[in-house]
Engineer: 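My questions will all concern the structure given below.
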Amino acid sequence: MRIPISLAFLLGTIGPVLCAPFDYHSVRGREAKGPVDGILEGELLPKHGTARTQGMRNFGEGWRGDAHLLWDGEPGQEMITEFRIEEAGIYEMSAQMTLAPDYGIFSVILDGKVLRRGIDLFNPKVSVAPVIQLGKLPLTRGEHKLAFKLTGANPNASTFQKSRYLLGLDFLKVINLAPPEQPVAETTKPKEVTAPKLTVTLEEVQPILATYCYGCHGEKGKVKGKTNLKELASPQDFLSRIELVGKAAEATTFQEMPPADAKQPTEEERRKLATLFNGYLEQHLQDSGRLKPVVMRRLNRYEYNNAAKDLLELKGDLYPLPEKVIRSRGYFNPASGRFPDTIQVSNRALGKNQIEQHILTGVSPFAIDLQAEHGFNNQGDQLSVSPILLESFLKLGRSIVNAREFDGYSALTDSLFRAPDEKDHTLWPPIIEERLRPFLERAFRSAINDATLKRYVSFVMREVSRHGNYSQAMKSVTAAVLASPRFLYLTETKKDASAEEPLTSYELATRLSFFLWSTLPDEELIASARNGDLSQPDVYAAHVKRMLESPKSKALAENFARQWLRLDQLITAVPDFDRFQIYYSRIGCEQWKFGLQTMAEPLLLFESIMVEDRSIMLLVDSNYSYRSDEMASWYKDAIPFRNKGNRNRFNTGSQRFSRRSLESRREGGVITSAAALTMTSEPLRTSPIRRGAWVATVILNKPPPPPPDVIPEIEQDDAAIEAKGQTLRQRLVAHQENESCVSCHQKIDPLGFALENYDAIGRWRDTYRSGLPIDASGTLYGKAQFQDVIGLKDVLLGNPEWFIRGFSEHLLAYALGREIDISDKPALDKIVRKAMAKKGQFSTIVSEIATSYPFMHKTNQLAPSSGKTPKKP
Amino acid sequence: MILKRPSLSRRAVLRGAGATLALPLLEIMETRSLAKGTSTARPPVRAGFFYIPNGVVQRAWHPVDEGENFTLSPSLQPLAPVREHISLFTKLDRVKVAGTDGHAQAGACWLSSAAPDQLSPAGYPLKKTIDQIMAEEAGKHTAFRSLELSCNPYEDNRESVYFDNISWYGHGHVARSLRDPQAVFNRLFAVKEHQEHGSVLDLVMDDAKSLDRGLGAIDRGKLEEYMESIRTVERQIERVTKRQSEIDELRIAPPSKPWQAMTRDEFIQVMGDLMILAFRTDLTRVCSIMSSPERWGSPLTVQGLFDKPVDHHGMTHGQGHDHVRTKLEALDHFHVQQFSTLVAKMAEVKEGEGTLLDNSMFLLGSGISDGSLHVYTDLPTIVAGHGGGVIAANRHIKSAQGTPIANLWLSMAQIMGVKVSRIGDCTGALRMS
């Protein structure tokens, strides 16, 4: 049973107290060194003459960003471009070029000085050339002119358009060999958030309860909301009805109760109530708190793809994954500390058929797992296996190893799948054993005992004797491994009935790897698990840091952020075609939606925060955003896309997204992103309630309870409402007839009404279409007032702990693969305290979660009543 | 995203004819005898469940009269051609349990055999569902225990697992529905594919056993799902192999277009055809079809019915407005029409002395009656077919106030040959004749 308590609101100290927001914009854990890790993408360099961008996806995977700069000319002509150096120094320069049948021979000239001559780009097949070194040179601060002069061509080269030859530049690398030392980011010593230890007694509080609460909750047979506070008569009552205590603590702390129109307690009285309720909660946790067990869980299909890909060292994915919204490679590099200013992005998630170049033929994924109601799709209790799914796994494993590209696709072809040189089959078992042991250890994330190894070896030998083919036998056993429960499930052994115990090193490695990378531990991590290093805090911390700096941590954006924001709801959003024509563009015979582009915006913001290790408060309000030109027009222009008609109104292919400073605080962060605002609207009007529920759930992790059975009818079209001279807000408020509606809507609606200045496709409007004025003002938690959406952002920024806690809860739930409950409170308190001290820095939250008590421990799954062992987080 | 073009006319769709497993296929089958092994026995009884989400417009659903040869209400008009095979049940209830979402519970717990006071750890009154109870018995004789299908066309995953599935092996263990007709077809008829699964089963089963020793109680339950699936697959391979030659003789062709390209009616019909084929070939005797998932507030294109996508769930809360209710009634009518078309096909399949429909119970229902109020009483319930001759049809049976729908589940289970005297909160069996 879900305990209906949002932990965000149980800290004694947090209430709607406005304080000066901290400066989170300057938080930056990783400083960029030189240009973006020295890389200057060819396609993004200034272009002159015939220079243009060419997408290279069709030619293979070797090109960064799937594109290069293409130029053509006659011998003697030059391809000229420029780049800027911010800091004078000695730089090492190199270039990655493209080879092709009609490419010429070039000299490279920097600021008039020849760096290299005779670079021959001819090759019968289109491919990436080995990196071309251009030498070490002193570069001054400022612009530099780089020219590639076409000097001739290989005799075997064919010409382009009679007398011309081509050039392809994938990227330049310009590395500062002596970057000046960066000052260590200063950290002001944080003020510890400590709860005022007010001791109150039950006797002191009972008169307060009698004055303000019992009237509705306990006296004269009244138990509104099924809450009877008179049941809490003795300390034992408090401890045995801990859910009720939690509800009461939340209601008093957040001033949800007593209702606004009832007599209100004084500040002092309110604090006493909260202290009492929270005190009992704390005591409950100390006495009998037990972590909710993590249910053994099966991999979801995103994780399966990553795990199989890593295990078999494949070049690319197994199958198309709509989970991967942003399609672009090579740009996500946390170690560089800098998210590129410009990224070429395409998003096929909204397309029906995904065309992928690099997947395996005949391999199809099993069905996507649905997200838990307020959680993620990695919760063990919701991930079942049925005969149908098992059949999918069996087929999937076979189809992977039998795909026609497999041999060229897997780096294990030689080491695992090639028959031993030894011709005598009877001598094979020890060889197979040696090959399978590390393979199985990696696949099963655990030490492999001899019995297991024997079974697998004899399976291979049986297959060999059946078909006489070693390679095929190893493929069969690989297919079996991919369908084994030891591969498919994340399991943790349970030794005895004691409450909680630390994870074993293999188990910890597995949890960590699936948390940060959504895949198997790599060899380094497995090695630490094998030799026991992982139990040393500094070794563990070093792994966390290393893994966060790996491009593989992109999984947190692809898997966590997408689900956290519930972004795929945008896929099925259907703004009314006639009213919101600009949302649609007809290309060929297909109708496309603009959501295709807006979906990338919040994800790119999230990724930039990860890579530059900034503060998560930017998700509430950021002063920059990543947008394509079309998106900039979408936000800025009264009629976007230069008033084009439906045909080819906007692009659906790859787009250049650039980092843009935002001028208005109406934009920035995820709440005011067009994506979030569109997907929470109805076709013909906004839905303040859906928007409010989204903000409450996503930002504050305070999902509203399910709607009641009787829901008043509201017109589907705001035109019908406005025709009666009413605004949607007035209409909704008029419908909340009774107390029970009001008490709940008080919490959701202000968050949604604050966004009324954005229409159903997320564009700003000053008034409603009929000219009626928009009222975006409101009050949160009885106290924090705001006039408009900027005011709402200020309230959230003024209480950073709300979002930091909400976000940490989401991320902890994701990390554990289970719902958070009250037993996680002490750990969350600590995570939040540390994160607050670092102004919400991303890596702090992640590493605090990775080292938190619930993450490093497992709970036995016996009946919750048995045994009471205090725990010390 | 590709939006559906303004819908093709119904006739054009039929002319296209490619999507549904062509009707001639079903005709061919009439002339063939059923599985040779069962030729001496009476044909078995089959049970199908056709789910419609979000309830129905009440006033267009309920007939004015009861009993034999009742007057078809506006929403039931499409049943006219098959009315002699129809039993309409009204006043059957489920008890709603507070604490979980009204829609999630409506679908997920509709076929549940749990009494309202038996809650699963997730807070739902959810145990093994009635179709799975039947499958346990009926599945002893068939290659597949049961078939779970969903015509869910949405490409987002807006809702949780409770909205997209009506069939459960037990609480927390969903009998996940298949959404892709091609995959259903392969599962039923691609014998070779099944056989290929065989070689590794022992090996992975041993892995499961070695894992089992170190697990906690809940985990062991999860692993048991895996082990039971292995055992089921083993049985399937054995039985499908036995049926191989007959299946090959039928030369059944797969659906000719992907479900993404199908109109709503094509999608529902092709899934229904697969159910009929599976029944007719006796590959399974129990099947459930969700015509659409529960709630899922994403607009949906229903070709030929509305010119713009509609949000079924949203409309149920706007049915106080006449123009909304009219649309909603059209959608109810559409679902009944789809059901009726499938019933008519079943009536055309000859089997022994009678038809497949004579030997079936094909039920249409929803877990909600009035969608605007989330009411669980007086659930829309229609049974087509005669259950092997024991169901008198062409009647409207109005039960006494407060009769649990579990009474109907009990009767149907007994007709299927399940030896059971209580199911969920039932108070006794419902009279079917």
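Any value given below was found using the heavy atoms of this structure, including those in side chains, with hydrogens, waters and symmetry copies removed. By convention in this document, chain letters (A, B, ...) are assigned in the order of the sequence lines, proteins followed by strands, and residues within each chain are numbered from 1.
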Engineer: Considering non-hydrogen atoms only, spot the tightest contact between B:Val233 and A:Pro387 and give its length.
Structural biologist: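 Of all heavy-atom pairs spanning B:Val233 and A:Pro387, the closest is CG2-O, 4.0 Å.
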Engineer: May I ask you to name which of A:Val481, A:Val385, A:Val477, A:Asp369 has the most heavy-atom pairs under 4.5 Å with chain B?
Structural biologist: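 Most heavy-atom pairs within the cutoff with chain B belong to A:Val385.
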Engineer: Nearest 0.5 Å please: distance from the CZ atom of A:Arg486 over to the CG atom of B:Leu211.
Structural biologist: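 Separation between the atoms: 6.5 Å.
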Engineer: Answer whether the closest heavy-atom distance between the side chains of B:Met315 and A:Gln716 falls below 4.5 Å.
Structural biologist: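 No - every pair of side-chain heavy atoms lies 4.5 Å or more apart.
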Engineer: At a 4.5 Å cut-off on heavy atoms, which part of B:Val174 comes close to chain A: side chain, backbone, both, or neither?
Structural biologist: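 Both backbone and side chain of B:Val174 come within 4.5 Å of chain A.
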Engineer: Mind checking side chain to side chain contact (heavy atoms under 4.5 Å, CB included) for A:Arg455 and listing every partner two or more places apart, or none if nothing turns up?
Structural biologist: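 If we apply the side chain to side chain contact (heavy atoms under 4.5 Å, CB included) test to A:Arg455, skipping adjacent residues, the hits are A:Thr452, B:Leu203, B:Asp206, B:Asp207, B:Ser210.
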Engineer: Could you look at A:Asn377 and say if it's the side chain, the backbone, both or neither that has a heavy atom under 4.5 Å from chain B?
Structural biologist: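 Contact with chain B is absent: no heavy atom of A:Asn377 under 4.5 Å.
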Engineer: Which atoms of A:Gln563 are under 4.5 Å from chain B, going by heavy atoms: the side chain, the backbone, both sets, or neither?
Structural biologist: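 No part of A:Gln563 comes within 4.5 Å of chain B.
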Engineer: Flag the one option from B:His173, B:Glu148, B:Arg176, B:Arg187 with the top tally of heavy-atom pairs under 4.5 Å to chain A.
Structural biologist: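 Of the options given, most contacts go to B:Arg187.
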Engineer: Heavy-atom distances under 4.5 Å only: say whether A:Leu488 touches chain B with side chain, backbone, both or neither.
Structural biologist: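 When you check distances to chain B, only side chain atoms of A:Leu488 fall under 4.5 Å.
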Engineer: Identify which part of A:Asp578 has an atom lying under 4.5 Å from any heavy atom of chain B, answering side chain, backbone, both or neither.
Structural biologist: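 Looking at A:Asp578, backbone and side chain both touch chain B.
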Engineer: Heavy-atom pairs under 4.5 Å with chain A are the metric here; pick the option from B:Ala208, B:Gly102, B:Ser372, B:Gly320 that has the most.
Structural biologist: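 Maximum pair count with chain A is reached by B:Gly320.
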Engineer: Is it true that, when you exclude B:Lys308 itself, more than 12 heavy atoms of the residues, nucleotides or ligands shown sit nearer than 6.0 Å to its NZ?
Structural biologist: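 More than 12 within 6.0 Å, yes.
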Engineer: Please determine, by modelled atom types, if B:Glu159 and A:Gln371 share a side-chain donor-acceptor pair under 3.5 angstrom.
Structural biologist: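 The answer is no; no qualifying pair exists.
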Engineer: Looking at B:Val200 and A:Ser476, what are the two nearest heavy atoms and their distance?
Structural biologist: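 Nearest pair, atom of B:Val200 first, then A:Ser476: CG1-O, 4.2 Å.
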Engineer: Relative to chain B, which segment of A:Arg462 carries a heavy atom at a distance below 4.5 Å: side chain, backbone, both, or neither?
Structural biologist: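 For A:Arg462, neither part sits under 4.5 Å from chain B.
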Engineer: Examine whether an atom of B:His103 lies under 4.5 Å from a heavy atom of chain A, and if so say whether it belongs to the side chain, the backbone or both; otherwise answer neither.
Structural biologist: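 B:His103 has no heavy atom closer than 4.5 Å to chain A.
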Engineer: Specify which of A:Tyr456, A:Phe444, A:Phe487 makes the most heavy-atom pairs with chain B at under 4.5 Å.
Structural biologist: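 The option with the most such pairs is A:Tyr456.
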Engineer: With the side chain counted from C-beta on, respond yes when B:Ile218 and A:Pro293 share a heavy-atom pair under 4.5 Å apart, and no when they do not.
Structural biologist: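 The answer is yes, as the side chains (C-beta and beyond) meet within the 4.5 Å cut-off.
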Engineer: Measure distances from B:Leu201 to the heavy atoms of chain A and classify the residue's part below 4.5 Å as side chain, backbone, both or neither.
Structural biologist: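 Side chain only.
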Engineer: Using heavy-atom distances under 4.5 Å, tell me whether B:Glu193 contacts chain A through its side chain, its backbone, both, or neither.
Structural biologist: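 Both parts, backbone and side chain.
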Engineer: Would B:Lys222 and A:Ser384 satisfy side chain to side chain contact (heavy atoms under 4.5 Å, CB included), going step by step from the backbone distance to the final call?
Structural biologist: CA-CA 7 Å; B:Lys222 280 277 141 192; A:Ser384 298; 3.8 Å; yes
Engineer: B:Tyr154: what forms a ring-ring contact (aromatic ring centres under 6.0 Å, His included) with it, not counting sequence neighbours?
Structural biologist: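 With sequence neighbours excluded, B:Tyr154 shows a ring-ring contact (aromatic ring centres under 6.0 Å, His included) to B:Trp296, given in chain and number order.
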Engineer: Ignoring hydrogens, what is the shortest heavy-atom contact between B:Tyr226 and A:Pro485? Give both atom names and the distance.
Structural biologist: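 Looking at all heavy atoms of both residues, the closest pair is OH-CD, 3.1 Å.
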Engineer: Taking side chain as everything from C-beta outward and backbone as N, CA, C, O, which of these in A:Ile388 sits under 4.5 Å from a heavy atom of chain B? Side chain, backbone, both or neither.
Structural biologist: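 Both parts, backbone and side chain.
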Engineer: Among A:Gln569, A:Lys395, A:Glu391, which residue forms the greatest number of heavy-atom pairs with chain B at distances under 4.5 Å?
Structural biologist: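 If we count pairs closer than 4.5 Å to chain B, A:Glu391 comes out on top.
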Engineer: I want to check something: taking the side chain as every heavy atom from C-beta on, are A:Thr493 and B:Leu215 in contact at a cut-off of under 4.5 Å?
Structural biologist: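 Not in contact.
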Engineer: Nearest heavy-atom pair of A:Glu463 and B:Ser199: which atoms, and what distance?
Structural biologist: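 Shortest heavy-atom contact: OE2-CB, 4.4 Å.
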Engineer: Against chain A, label B:Asp164 side chain, backbone, both or neither, depending on which of its atoms sit under 4.5 Å from a heavy atom there.
Structural biologist: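 Just the side chain, heavy atoms under 4.5 Å.
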Engineer: As an exercise, state the distance from CD of B:Glu225 to CG of A:Leu389, rounded to the nearest 0.5 Å.
Structural biologist: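 One finds 10.0 Å between CD of B:Glu225 and CG of A:Leu389.
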Engineer: Which answer fits B:Leu178, side chain, backbone, both or neither, if we ask what part of it has an atom under 4.5 Å from a heavy atom of chain A?
Structural biologist: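 Just the side chain, heavy atoms under 4.5 Å.
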Engineer: State, to 0.1 Å, how close B:Ser298 and A:Thr572 come at their nearest heavy-atom pair, and which atoms those are.
Structural biologist: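 B:Ser298 and A:Thr572 have their closest heavy atoms at OG-OG1, 3.1 Å.
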Engineer: Considering only heavy atoms and a distance below 4.5 Å, find which of B:Leu373, B:Asp101, B:Thr232 pairs most often with chain A.
Structural biologist: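 Winner by heavy-atom pair count: B:Leu373.
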Engineer: Taking B:Gln236, B:His317, B:His171, B:His194 one by one, which has the highest count of heavy-atom pairs under 4.5 Å against chain A?
Structural biologist: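 Highest number of heavy-atom pairs under 4.5 Å: B:His317.
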Engineer: Tell me, do B:His197 and A:Phe393 make a side-chain contact under 4.5 Å, heavy atoms counted?
Structural biologist: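 No, side chains not in contact.
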Engineer: A:Arg297 versus chain B, heavy atoms under 4.5 Å apart: side chain, backbone, both or neither?
Structural biologist: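 Neither part.
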Engineer: Closest heavy-atom contact between A:Val574 and B:Pro309?
Structural biologist: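 Looking at all heavy atoms of both residues, the closest pair is CG1-CG, 3.8 Å.
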Engineer: Quick one: do A:Lys858 and B:Asp219 make a salt bridge, cutoff under 4.0 Å?
Structural biologist: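 Salt bridge absent between A:Lys858 and B:Asp219.
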